[in-house]
Asker: 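Pasting a structure here, questions to come.
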Amino acid sequence: MTHPPTTRRFIFLLLDRFTMLPFAAALDSLRLANKMGGTTVYEWLLVGAAGDFATCSNGSQIRLDSGLDGDIAAMRDDVVIVCGGDAIATQASRAVLAWLRRQARTGARLGAVCTGAHVLAKAGLLEGRRATIHWENHDSFAESFPGVDLHRQVFVDDGTRLTAGGGTSSIDMMLHLIGQAHGADLAAQIADQMLHTAIRTGRDRQRLSIATRIGIRHPRLAAVVERIEANLENPVSPPQLAADAGMSTRQLERLFMRYLNRSPKRYYLEARLARARQLLLNTDLPLIEIAVACGFASSSHFSKCYRERYATSPYRERGVQRAASVLTIPERKDTVLALAS
């Protein structure tokens, strides 16, 4: 006798300024599973700290089913997905963290998309676990939560914890779950409907190759750039980079100027400053710790280089960003969306 499939419930926690794409991609994967499967195998609820609506980073608003103080609580077979986005460090309020810890105590599976992993980690729910987060937030997350086994894959399934890097990686994570529960054929049908021509696995990395990303076709130069990006805290000198790549310092200089229009030293400095800016905007680390993490010997030298690069001081940059994070996005009544299961 064949038993009808059970219905699994997903609860999406929409943080303020969450990004629309990973949320919508995850939700529509569930909708299509119901459609392609011919029966309701998934249901979903939307919750948020605001109670009535959640505002995403593009200014649109999503109607919620409940606030965090409502009567919606996860059950053991539920999956709770934290949807993060901009200014994620400011979204980990006491109410949000307490709500997540309550859901964890029920035994529900907890997940996150985009930057939502930051809030799960802040709640202590990723300690000792494998996880991923959007590549732009990878370094700041690693500095803030050293107890999390952080990876650069599109998604990570660590049993009762699920994390996806954002963007279309939500599709891959959801197809992974749907395939586990209902078979690879259904997952493939959903991917076909979504024009998702290649289903990525938990082994696939988030970013394009360095050669593709910066538009170079010189393998030795790409290898040097990769080494630079992997050694921002302890910079390697240009002569050493050249020697290890099997070329002279002069040859390395010519390659950088020809393909990247800057010297190796300048490229290295800009890479370190870019990482410092991410740490500045996404963590509460003191300035000296950020400086050291990016290969600067002192906060004064770091501040000088930062000001020359970004025309503002690190202190001012952080202050402006935090001020902007508390500004409310004006309500746009023409972009209120109500989603039904």
Side-chain angles (χ1 to χ4, degrees), residues 10-23 25-27 44-51 53-57 62 64 66-70 72-74 78-106 108-151 155-167 169-170 173 278-279 281-285 321-322 325-326:
F10 279 70
I11 301 174
F12 291 91
L13 170 59
L14 305 185
L15 301 174
D16 190 40
R17 299 175 67 179
F18 72 97
T19 44
M20 179 70 82
L21 178 56
F23 160 67
L27 187 63
W44 51 85
L45 294 169
L46 312 181
V47 302
F53 298 95
T55 304
C56 72
S57 57
I62 301 292
L64 300 173
S66 174
L68 301 184
D69 55 354
I72 292 178
D78 290 342
V79 181
V80 177
I81 302 290
V82 183
C83 299
D86 291 345
I88 191 61
T90 67
Q91 308 306 324
S93 66
R94 290 184 179 180
V96 166
L97 299 181
W99 186 85
L100 284 171
R101 290 168 183 143
R102 287 199 302 273
Q103 311 320 305
R105 287 195 290 269
T106 69
R109 206 171 187 182
L110 301 181
V113 297
C114 196
T115 60
H118 181 102
V119 177
L120 280 183
K122 189 74 172 178
L125 300 173
L126 289 179
E127 191 70 17
R129 298 295 197 115
R130 293 186 300 115
T132 191
I133 196 168
H134 190 279
W135 62 263
E136 190 175 45
N137 301 84
H138 184 278
D139 291 341
S140 58
F141 185 99
E143 292 286 344
S144 298
F145 306 107
V148 179
D149 183 12
L150 192 61
H151 293 258
F155 71 87
V156 170
D157 180 351
D158 193 33
T160 57
R161 299 293 184 268
L162 297 158
T163 47
S169 69
S170 294
M173 183 178 78
Q278 287 302 318
L279 294 177
L281 299 182
N282 293 292
T283 73
D284 293 322
L285 291 173
Q321 192 269 347
R322 288 182 174 176
S325 71
V326 300

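Heavy atoms only: backbone and side chains are in, while hydrogens, waters and symmetry mates are out. Small disclaimer: the values here were computed from a predicted structure and weren't measured. Positions are given from 1 along the sequence.
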Asker: Taking the side chain from Arg161 and the backbone from Leu125, do they hold a donor-acceptor pair closer than 3.5 Å?
Answerer: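 Here the side-chain-to-backbone pair exists.
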
Asker: How long is the span from the OG atom in Ser140 to the CG atom in Leu285, to the nearest 0.5 Å?
Answerer: 8.5 Å

Asker: Using every non-hydrogen atom in the two residues, find where Ala74 and Thr106 come nearest and quote the distance to one decimal.
Answerer: O-CG2, 3.4 Å

Asker: Name all pairs fulfilling the ring pair (Phe, Tyr, Trp, His ring centres under 6.0 Å) condition that reach into residues 120-144, sequence neighbours left out, sorted by first residue then second.
Answerer: Phe141-Phe145

Asker: Calculate, to the nearest 0.5 Å, the distance between atoms CG and CD1 belonging to Leu13 and Ile81 respectively.
Answerer: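 Between Leu13 CG and Ile81 CD1, I get 10.5 Å after rounding to 0.5 Å.
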
Asker: Looking only at atom types and distance, does a side-chain atom of Gln103 sit under 3.5 Å from a main-chain N or O of Trp99, one as donor and one as acceptor?
Answerer: yes

Asker: Drop me the distance from Phe12's CZ to Leu27's CG, to the nearest 0.5 angstrom.
Answerer: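 Here the interatomic distance stands at 5.0 Å.
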
Asker: Do Thr90 and Arg17 get their side chains close enough for a donor-acceptor pair, meaning under 3.5 Å?
Answerer: no

Asker: Could you check if a side-chain atom of Val156 sits within less than 4.5 angstrom of a side-chain atom of Leu162, using non-hydrogen atoms only?
Answerer: no

Asker: I need the minimum non-hydrogen distance between Leu21 and Gly167, along with the two atoms involved.
Answerer: CD2-CA, 3.8 Å

Asker: How long is the span from the CD1 atom in Ile11 to the CD1 atom in Ile72, to the nearest 0.5 Å?
Answerer: 6.5 Å

Asker: Can you see which heavy atom on Val119 is nearest to which on Leu97, and at what distance?
Answerer: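 For Val119 and Leu97, the tightest heavy-atom pair comes out as O-CD2, 3.7 Å.
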
Asker: Decide, yes or no, whether a salt bridge links Asp158 with Arg109 under the criterion of side-chain N to carboxylate O below 4.0 Å.
Answerer: no

Asker: Grab the two heavy atoms, one from Met173 and one from Ala164, that are nearest each other, plus how far apart they are.
Answerer: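 Looking at all heavy atoms of both residues, the closest pair is SD-CB, 3.8 Å.
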
Asker: Work out which heavy atom in Gly84 is nearest to a heavy atom in Thr115; give both atom names and the distance.
Answerer: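 Gly84 and Thr115 have their closest heavy atoms at C-OG1, 3.3 Å.
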
Asker: What's the separation between atom CG in Leu110 and atom CG in Asp78, rounded to the nearest 0.5 Å?
Answerer: 10.5 Å

Asker: Looking only at non-hydrogen atoms, find the nearest pair between Thr132 and Ala117 and report the distance.
Answerer: O-CB, 3.6 Å

Asker: Under the side chain to side chain contact (heavy atoms under 4.5 Å, CB included) criterion, do His118 and Asn137 qualify, and how do the steps go?
Answerer: CA-CA 9 Å; His118 181 102; Asn137 301 84; over 6 Å; no

Asker: Compare all side-chain heavy atoms of Leu64 with those of Leu14 and state whether any distance is below 4.5 angstrom.
Answerer: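 Leu64 reaches Leu14 side chain to side chain.
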
Asker: Show your reasoning for whether side chain to side chain contact (heavy atoms under 4.5 Å, CB included) applies to Trp44 and Val79.
Answerer: CA-CA 9 Å; Trp44 51 85; Val79 181; over 6 Å; no

Asker: Any donor and acceptor pair, going by atom type alone, linking the side chain of Thr283 with main-chain N or O of Leu279 inside 3.5 Å?
Answerer: yes

Asker: Run the side chain to side chain contact (heavy atoms under 4.5 Å, CB included) test on Val82 and Val113 for me, step by step, so that the C-alpha distance in whole Å, both residues' side-chain angles and the decisive distance to 0.1 Å come before the verdict.
Answerer: CA-CA 6 Å; Val82 183; Val113 297; over 6 Å; no

Asker: So that I can tick it off, tell me whether Asp149 and Arg130 are bridged by a salt bridge, with the cut-off set at under 4.0 angstrom between side-chain N and carboxylate O.
Answerer: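 Looking at Asp149 together with Arg130, the answer is no, because their closest N to O distance does not fall below 4.0 Å.
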
Asker: Supply the atom-to-atom distance Phe18 CZ to Ile62 CD1, rounded to the nearest 0.5 angstrom.
Answerer: 5.0 Å

Asker: Are side-chain heavy atoms of Val148 and Arg129 found at a separation under 4.5 Å?
Answerer: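 Side chain of Val148 against side chain of Arg129, heavy atoms only: no contact under 4.5 Å found.
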
Asker: Where do Ile133 and Thr163 land on the side chain to side chain contact (heavy atoms under 4.5 Å, CB included) test, with the steps shown first?
Answerer: CA-CA 7 Å; Ile133 196 168; Thr163 47; over 6 Å; no

